[in-house]
Number of protein chains: 2
Amino acid sequence: MSALSEHAPVDLLGLVAYGELLAFDRLAADARLAPDLRRRAALSELAAAEIGNYRRLADQLTALGVAPEEVMEPYVAALRAYHDSTEPRDWPEAVTKAYVGDAITDDFLGEIAERLDEPYRGLIGDVLHESRYAEFAAAEIRAAIETDPRVANRLSMWARRLVGEALSQAGRVAAADRGALTALISRDGLDVPALFRELTSRHAARMAAVGLNN
Amino acid sequence: MSALSEHAPVDLLGLVAYGELLAFDRLAADARLAPDLRRRAALSELAAAEIGNYRRLADQLTALGVAPEEVMEPYVAALRAYHDSTEPRDWPEAVTKAYVGDAITDDFLGEIAERLDEPYRGLIGDVLHESRYAEFAAAEIRAAIETDPRVANRLSMWARRLVGEALSQAGRVAAADRGALTALISRDGLDVPALFRELTSRHAARMAAVGLNN
């Protein structure tokens, strides 16, 4: 096994760990947009769950003799730019971002995890979001559209922007990466165009499920 | 038992639950002030722990047939004003706020919990902060003073302001309250001046322990 592919799982854990830390930060801030205390608490709990995941990943990295902050650092700028360019202006945008963005990330990580050895495979699998998060966000989107059907159009455009920014982010991550993730993806001859088609098709199904146009 | 004292534990759980929700929100925001990823993650984890506590309290309220948001609502303005008037400007102020503010709240809650029946007593006891939080904050304050001894003076003044604002908050909470907490405190003939002396003396010991002047 080359030095390059030995790096791969550690780099991936660093990327995911920083993603969790950032997701926590942004969800916690977005919770302030909630229209009432119940919803605010719900989004705060989703945020807190990201930190639980962060801790698992950081512990694994520490057990491997790697300082978490060291492997997270290369991805800071790439991931922050995504959040900076997709700051929700209100509650429906906040829950749409949670619904669309987290699911695409999870789908991608799920595909990657299948190609990893244990314990990485199980660990990445564990930090994927539980379905109740998507259910909460989906219910909030449907409620917003029911209250005002015109919201559907605005949220559809917002979701397309989120996907566009997520793709730009993927490009930035690939550029920031030490080549390890690329090596990982190509190790098993992963068909990147096929992966993108798969992610896109699942995204379209999710959009339709909450009444948004892809 | 009068209707008033039946309300008391539920009101107290509502107050503490909203306190947890707000502490989460502010700690998550303060984590952005961290000078590096390791410290940022550490403060984010403290924030996430508050949400774990919030969930326990909310579950207990729900089990009692009470909507958490309903009993939290009366305390929203009183508790928010404290945080609005004590927004840290930098990392040393953020950790000092965590160190000073959380400890006073915990001391107060600990005293109140002793006067409650089960399951309230155990529940309130469970949500008091673990000592590792205070240890993290204390280590950060000591490190800041070691880097620049002049910081001690500024943080001492900041801590005094925090205590002053916390006392104003206590007055606002008492005013917002339906009289239930007051009933609870007076039930066992609690000596309020003695309680304040006790809280003040523990606060002074904590300040001295990190090199701050009371």
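Just so it is clear: chains get the letters A, B, ... in the order the sequence lines come, proteins before strands, and each one is counted from 1.
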For Leu37(A) and Val76(B), what are the C-alpha separation, side-chain angles and deciding distance, and is it a side chain to side chain contact (heavy atoms under 4.5 Å, CB included)? CA-CA 9 Å; Leu37(A) 284 177; Val76(B) 167; 3.9 Å; yes
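Among the candidates Arg40(B), Arg32(B), Met72(B), the residue making the largest number of heavy-atom pairs closer than 4.5 Å to chain A is Arg32(B).
For the atom pair Arg38(B) CZ and Glu70(A) CD, the distance stands at 13.5 Å (nearest 0.5 Å).
Contact between Ala28(B) and Asp25(A) at its shortest, heavy atoms only, is O-OD1, 4.1 Å.
Residues Ser44(A) and Leu21(B) form a side-chain contact, since some pair of their non-hydrogen atoms from C-beta on lies under 4.5 Å apart.
In this structure, chain B has heavy atoms under 4.5 Å from both the backbone and the side chain of Glu73(A). Ala29(A) touches chain B through its side chain: at least one heavy atom from C-beta onward sits under 4.5 Å away, while N, CA, C and O do not.
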